[in-house]
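Below: the structure, in structure tokens.
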Amino acid sequence: MMIFKLENDFSKSDLQKSYKILVKKYHPDSNPKNQDWSHKKMTEINLAYETCNIFLGNKIKDTHDFNKEEVKKQEKEPIFHKKNNKSNTKTNNITPNGEISQELYLKIKEFSYKIILASEKFFEYGLENRKLRYEGVRRFRYRECLRLFDKTFSDVLKLEKFCRHDYDHYSLNLFIRFTGNFNQYILLKDNDIPRHPLLNKHWLIMEDYLIQCIKDYLVPYQVVQYKKLHWKTAFTQSWNQLIYIGQRFPALEKDEVFLIFYNLTDSYRNIRKEEQDHQTYFFRSL
């Protein structure tokens, strides 16, 4: 909170105002002659923004009890309001806990489609392999992906105006956190990854399984080599390696890149869990 100069009782709007001011100042586009420095500053700012968002999300979670019986009753129905539902009137903007407003849900789906388009290009050209990002035509595709992600993520931050109740804020926070962490991941360079003879093997396994999970989530038709492996199994492998790395190399707790991987893994787990628990599918319909 110090980086944004906020008080302990800050609101979402306070956070976003401070965030936009810092982004305007430190974004690479505003510092063309200091790209590396600018990227590092933006990493710090985005991590701090994410931490504050988690803090706000936990406050929402702690102050509201989700009605589990109602969720069970609605397991076979979509949890957003249908357009042709006659009982939905203008007064139904404030929906019960465990339901997301239709307007916000449709906006999230709109932006998730843009993120999927960028993800398709990212994985299609093998850009998850950081050593290939600057070779031939791939460097142009990589830059194109960065622009798409950056533009879409900036627009996603403006969706708060469509939130009608606390569960909307919670759902939007899940979406922002995952997309933001994934955006941070694709910015990483090969020389950013920590190197250590005992660390390398576990890091590669952890990243390999994590990217498998994300590919299976965003662009499942592109998953080939892991087709027989369920995403939950892949995630468990990734999470176990991440926990081991954190315990085996405690100094990494202060490493920004390790935190990006940890936050990406955790945000992926949370958004998938929310989809399963409440049948809210942000990136696809089942």
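Of the charged side-chain nitrogens involved, none lies within less than 4.0 Å of a carboxylate oxygen, so that Glu124 and Arg141 do not count as a salt-bridged pair. A salt bridge between Arg272 and Glu275 is present, with a side-chain N of the basic residue lying under 4.0 Å from a carboxylate O of the acidic one.
Taken together through direct or relayed side-chain contacts under 4.5 Å among Ile, Leu, Val, Met, Phe, Trp and Tyr, Leu159 and Leu148 form parts of separate hydrophobic clusters. Both Leu187 and Ile260 belong to a single network of hydrophobic side chains, linked directly or stepwise wherever heavy atoms of I, L, V, M, F, W or Y lie under 4.5 Å apart. Leu204 and Ile186 fall into different hydrophobic clusters, where Ile, Leu, Val, Met, Phe, Trp and Tyr side chains are chained together by heavy-atom contacts under 4.5 Å. Note on Phe162: it clusters hydrophobically with Ile108, by side-chain heavy-atom contacts below 4.5 Å among ILVMFWY residues. A continuous path of Ile, Leu, Val, Met, Phe, Trp and Tyr side chains, each step under 4.5 Å between heavy atoms, connects Leu188 with Phe123, placing both in one hydrophobic cluster.
Counting all heavy atoms, side chain and backbone alike, His165 lies closest to Ser101 at NE2-OG, 3.4 Å. Taking both residues in full, the closest heavy atoms of Tyr142 and Arg133 are given as OH-NH1, 3.3 Å, listed atom of the first, atom of the second, then distance. Phe261 and Leu242 get closest at one heavy-atom pair: O-CD2, 4.3 Å.
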Could you go step by step and tell me if Phe283 and Phe178 meet the ring-ring contact (aromatic ring centres under 6.0 Å, His included) rule? CA-CA 11 Å; Phe283 286 94; Phe178 172 69; 5.8 Å; yes

Between Asp150 and Arg147, is the salt bridge (charged side-chain N to carboxylate O under 4.0 Å, His left out) condition met? List the steps. CA-CA 5 Å; Asp150 189 52; Arg147 286 194 296 270; over 6 Å; no

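Tested against His278 for a ring-ring contact (aromatic ring centres under 6.0 Å, His included), the candidates Tyr167, Tyr170, Tyr105 yield a single pass: Tyr167.
Proximity of a side-chain donor or acceptor of Asn183 to a complementary backbone N or O of Thr179 within less than 3.5 Å is not detected. Of the possible donor and acceptor atoms, none in the side chain of Thr152 sits under 3.5 Å from a partner among the backbone N and O of Ile115. The closest donor-acceptor contact from the side chain of Ser238 to the backbone of Phe235 lies at 3.5 Å or more, if one exists at all. At least one donor-acceptor pair under 3.5 Å links the side chain of Asn181 to the backbone N or O of Asn263.
With rounding to the nearest 0.5 Å, the separation of CD1 in Ile100 from SG in Cys163 is 8.0 Å. Going from atom NZ of Lys109 over to atom CD of Gln102 covers 13.0 Å, rounded to the nearest 0.5 Å. Between the CG atom in Asp216 and the OH atom in Tyr209 there is a gap of 14.0 Å [rounded to 0.5 Å].
Side-chain atoms of Tyr113 and Leu117, non-hydrogen and from C-beta on, do get closer than 4.5 Å to each other. Proximity of Arg138 to Leu127: side-chain heavy atoms (C-beta onward) are separated by under 4.5 Å at one or more points. The closest side-chain heavy-atom distance from Arg164 to Glu103 is below 4.5 Å.
In this structure, Tyr217 and Tyr268 have perpendicular ring planes: the angle between them is above 60°, well past the 30° mark. Using a 30° and 60° split on the angle between ring planes, Phe258 and Trp203 fall in the tilted class, from 30° to 60°.
Remark: Arg269 engages Asp266 in a salt bridge (charged side-chain N to carboxylate O under 4.0 Å, His left out) (not counting sequence neighbours). In terms of the salt bridge (charged side-chain N to carboxylate O under 4.0 Å, His left out) criterion, Lys232 has no residue partners (sequence neighbours excluded).
For Tyr262 and Trp239, the ring centers sit closer than 6.0 Å to each other. Between Phe182 and Phe153, the gap from one ring centroid to the other reaches at least 6.0 Å.
Counted by atom type alone, His169 and Asp166 present zero donor-acceptor pairs between their side chains at under 3.5 Å.
Among residues at least two apart or in separate chains, salt bridge (charged side-chain N to carboxylate O under 4.0 Å, His left out) pairs with a member in residues 193-206 are Asp190-Arg195.
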